[in-house]
Amino acid sequence: MALPHSKLELRPLGNTGLKLSSVGFGASPLGNVFGAVSEEEANASVRQAFHLGINFFDTSPYYGGTLSEKVLGKALKALGVPRNEYVVSTKCGRYVEGFDFSADRVTRSIDESLARLQLDYVDILQCHDIEFGNLDQIVNETLPALQKLKDAGKIRFIGITGLPLGIFTYVLDRVPPGTVDVILSYCHYSINDSTLEDLLPYLKSKGVGVISASPLAMGLLTESGPPAWHPASPELKSACQAAAAYCKAKGKNISKLAMQYSLSNKDISSVLVGMNSVRQVEENVAAALELENAGKDNEALAEVEAILKPVKNQTWPSGNQ
């Protein structure tokens, strides 16, 4: 795929001083979460992402039972570039064996993650899917433990992630300002669900950076459709299928449209999307560059929004990711 030479836009992340590429590299697929990825393919994907201007890489010990961290660590090391040229985010509290947000576990967790990633520090450590834990424990025990890790230089910034938007305000209203640097929300800023937008002024007032993941709504906004386990209602699945079919008939790609929709809000620092091949990297970067150079396809977007209007902002319970 021939790509223009312009680089991806870099956006500030809250009050951190970090600047993230508008497209972020979600490394969960490197843990073989969606099928086997060879080490060669993983290295090539990360190399091409970096070459095209992606500087933000996100993983978790939960993805592939620690495999994603190991594979990403090797791929980043193979780049052979100075550490300050890329931003790495990993998570704590969610593991293949279950959830554990205790101070002891998250403290051990970062040492394990740093070893797998072959790094001295991560830029962001996030409490992973906090709705499955006790939010008061997150406030009173987990975040103070992460603050100690920050003081020790093992992490630079602290984040929280999850699906229900109410978890973010619950925690942020109960911790001192500046405790949480960033939130990662998923499936709430895409064509079918833009409810994250209502929270953006609040997050900005708290100085908290915003990362939005899953612009394709965990596969809903793709031609191939979502995986069988997807928790969306039959009505939502059906509407998204109709929207994808409409796009295909018009020679458009619903995934590109969805990606551009998510990227168009500049209050979101980075749109995180899972990638496991050079082709996927190039398609995502091309969609972002096209948006920057030519703007959104408003006509196609309006038609898709009309199809999805009856199910707009319909969400689902937490439990799958």
Side-chain angles (χ1 to χ4, degrees), residues 1-8 10 20-91 94-96 110-124 126 128 186 211 213-216 218-219 222-224 226-227 253 255-256 259 270-290 321:
M1 179 186 287
L3 289 165
H5 290 300
S6 53
K7 281 278 180 98
L8 282 175
L10 294 177
L20 304 188
S21 48
S22 58
V23 177
F25 188 107
S28 67
L30 302 188
N32 295 343
V33 175
F34 305 102
V37 181
S38 69
E39 189 174 320
E40 186 183 13
E41 201 170 17
N43 286 354
S45 304
V46 169
R47 192 183 317 115
Q48 184 67 338
F50 184 78
H51 172 67
L52 294 175
I54 292 177
N55 73 346
F56 175 46
F57 298 86
D58 176 86
T59 183
S60 166
Y62 175 65
Y63 301 148
T66 73
L67 182 62
S68 171
E69 285 187 324
K70 290 173 191 160
V71 172
L72 179 63
K74 277 186 186 174
L76 289 172
K77 193 167 189 181
L79 288 176
V81 299
R83 172 66 183 87
N84 63 358
E85 290 193 13
Y86 52 84
V87 175
V88 178
S89 165
T90 193
K91 306 184 182 79
R94 184 171 198 180
Y95 312 97
V96 169
I110 188 58
D111 289 329
E112 295 162 5
S113 290
L114 290 174
R116 287 189 287 263
L117 288 162
Q118 303 180 57
L119 297 174
D120 297 325
Y121 68 91
V122 294
D123 298 279
I124 308 166
Q126 309 185 75
H128 196 174
Y186 69 99
I211 296 162
S214 205
L216 310 185
M218 301 195 307
T222 60
E223 283 184 6
S224 53
N253 183 303
S255 297
K256 182 169 87 169
M259 187 74 190
S270 189
V271 174
L272 201 52
V273 59
M275 305 187 221
N276 62 8
S277 68
V278 168
R279 180 185 60 79
Q280 286 181 353
V281 169
E282 291 180 343
E283 283 175 358
N284 288 316
V285 171
L289 293 176
E290 181 183 284
Q321 203 180 336

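What's counted below: heavy atoms across the whole structure, side chains too, no hydrogens, waters or symmetry copies. Remember, predicted model here, so these are calculated numbers, not experimental data.
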Measuring only between side-chain heavy atoms, which start at C-beta, is Y86 closer than 4.5 Å to D123? no
Any donor-acceptor pair under 3.5 Å linking the side chain of Q280 with the backbone of N276? yes
Within the structure provided, determine whether S214 and V273 are in side-chain contact (heavy-atom separation under 4.5 Å). no
Is it true that, when you exclude E40 itself, more than 12 heavy atoms of the residues, nucleotides or ligands shown sit nearer than 6.0 Å to its CD? no
Is a side-chain donor-acceptor pair under 3.5 Å present for S68 with T59? yes
Side chains of M275 and I54, heavy atoms from C-beta outward: is any pair under 4.5 Å? yes
Distance-minimising heavy-atom pair for L8 and S21: CD1-CB, 4.2 Å
What about the rings of F25 and F57, do their centers lie closer together than 6.0 Å? yes
For residues L72 and A27, report the shortest heavy-atom separation together with the two atoms involved. CD2-CB, 4.1 Å
Closest non-hydrogen atoms of V23 and S270, given as atom of the first, atom of the second and distance, are C-OG, 3.7 Å
Calculate, to the nearest 0.5 Å, the distance between atoms CG and NZ belonging to L119 and K77 respectively. 9.5 Å
Does the Lys NZ or Arg CZ of R83 fall within the cation-pi geometry relative to Y121 - under 6.0 Å from the ring centre and within 45° of the axis? yes
Apply side chain to side chain contact (heavy atoms under 4.5 Å, CB included) to the pair L52 and V281, showing each step before the final yes or no. CA-CA 9 Å; L52 294 175; V281 169; 4.3 Å; yes
Taking the basic N atoms (NZ, or NE/NH1/NH2) and the acidic carboxylate oxygens, is any pair closer than 4.0 Å for E283 and K256? no
Quick one: closest heavy-atom pair of M259 and N284, and the distance? SD-OD1, 3.8 Å
To check you understand the geometry: which heavy-atom pair defines the closest contact between S89 and Q126, and what is its length? OG-NE2, 2.7 Å
Please name the residue in the list H128, K91, R94, E69 that meets the side-chain hydrogen bond (donor to acceptor under 3.5 Å, both in side chains) test with S60. H128
Between L67 and L30, is there a side-chain heavy-atom distance shorter than 4.5 Å? no
Counting C-beta onward and ignoring hydrogens, is there a side-chain heavy-atom pair between L20 and L10 closer than 4.5 Å? no
Over all atoms of both residues, closest heavy-atom pair of E85 and N55: O-CB, 3.8 Å
Using side chain to side chain contact (heavy atoms under 4.5 Å, CB included), reason through L76 and V88 one step at a time and then give a plain yes or no. CA-CA 10 Å; L76 289 172; V88 178; 3.7 Å; yes
Starting at CD of E112, measure out to OG1 of T90 and round the result to the nearest 0.5 Å. 11.0 Å
Donor-acceptor pair, side chain of S45 and main chain of E41, under 3.5 angstrom: yes
